[in-house]
Amino acid sequence: MDVAVDILFWIHLLSLGLAGVATFGIPFVGSKLPGAPAESRPVLFKIMHQMSTVGRAALVLLLITGPLIFWLRYGWVAPNAWFWVKMVLILLLIAIMVGAGLNARRTEQGDTAAARRAPQIGTAAIITFALVILAAVLAFD
């Protein structure tokens with residue numbers, strides 16, 4: 001069983017890396033939109049859509065492997081309070097991601113207010129993602 005849990009943990013870490021690429025990459029690409037020529041904007045949006053797809057797939061894998069590892073390795077017993085901090089931060093990050101997706105659609109449709117909100121949403125996602133990782137380190141050493 002240890003090997004199975006190790007493989008789940010490996011998948012979890014790979015998914016975390018992919019989620020990080022989306023979390024950091026989408027705001028970076030989005031920051032290029034305001035100064036981009038009109039013919040480049042569809043390409044930038046396509047890149048952001050592709051990163052978003054990767055991020056969503058990574059999130060699904062994280063939401064599958066995380067509980068499985070928690071059950072198989074920890075028997076549903078949280079190691080400490082940092083675990084619950086991590087869970088709250090994950091919920092917050094999911095909410096930010098949903099909001100970012102809705103905002104991105106509005107931005108792509110030409111909503112300038114949505115475009116102005118995008119950098120703040122991206123910053124919130126990056127900070128929350130970093131705090132999830134910090135809470136995980138503190139929870140699991």
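No hydrogens, no waters, no symmetry mates; every other heavy atom, side chains included, goes into these values.
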Nearest-0.5 Å distance, [atom1] of residue [X] to [atom2] of residue [Y]:
{"X": "M51", "Y": "T23", "atom1": "CE", "atom2": "OG1", "answer": "10.0 Å"}
{"X": "I127", "Y": "I96", "atom1": "CD1", "atom2": "CD1", "answer": "9.0 Å"}
{"X": "I69", "Y": "I11", "atom1": "CD1", "atom2": "CD1", "answer": "8.5 Å"}
{"X": "L18", "Y": "T53", "atom1": "CG", "atom2": "OG1", "answer": "12.5 Å"}
{"X": "D111", "Y": "R105", "atom1": "CG", "atom2": "CZ", "answer": "13.5 Å"}
{"X": "I126", "Y": "I121", "atom1": "CD1", "atom2": "CD1", "answer": "12.0 Å"}

Do [X] and [Y] sit in the same hydrophobic cluster, where Ile, Leu, Val, Met, Phe, Trp and Tyr count as joined when their side-chain heavy atoms come under 4.5 Å apart?
{"X": "V54", "Y": "V98", "answer": "no"}
{"X": "F9", "Y": "W82", "answer": "yes"}
{"X": "V88", "Y": "I133", "answer": "no"}
{"X": "L13", "Y": "L8", "answer": "yes"}
{"X": "L131", "Y": "F24", "answer": "yes"}

In the structure I gave you, are the side-chain heavy atoms of [X] and [Y] within less than 4.5 Å of one another anywhere?
{"X": "S52", "Y": "I26", "result": "yes"}
{"X": "Y74", "Y": "F83", "result": "no"}
{"X": "R73", "Y": "D6", "result": "yes"}
{"X": "L91", "Y": "M87", "result": "no"}
{"X": "R106", "Y": "R117", "result": "yes"}

So, for [X] and [Y], which heavy atoms are closest and what is the spacing to 0.1 Å?
{"X": "V85", "Y": "A135", "result": "CG1-CB, 4.2 Å"}
{"X": "A125", "Y": "L93", "result": "O-CD1, 3.7 Å"}
{"X": "K86", "Y": "F140", "result": "NZ-CE1, 4.3 Å"}
{"X": "P27", "Y": "G122", "result": "CG-CA, 3.7 Å"}
{"X": "L16", "Y": "L62", "result": "N-CD2, 3.8 Å"}
{"X": "A104", "Y": "F45", "result": "O-CE2, 4.5 Å"}

Can you list, pair by pair, the side-chain donor-acceptor contacts under 3.5 Å of residues 28-36, counting residues two or more places apart and other chains?
unit_1 : atom_1 : unit_2 : atom_2 : d
S31    : OG     : F28    : O      : 2.6

- Task: Given side chain to side chain contact (heavy atoms under 4.5 Å, CB included), test M48 with E108 step by step and report yes or no.
- Result: CA-CA 11 Å; M48 289 172 41; E108 195 168 3; over 6 Å; no
- For a side-chain contact (heavy atoms from CB on, under 4.5 Å) with S15, tell me which candidate from L61, L59, I64 qualifies. L61
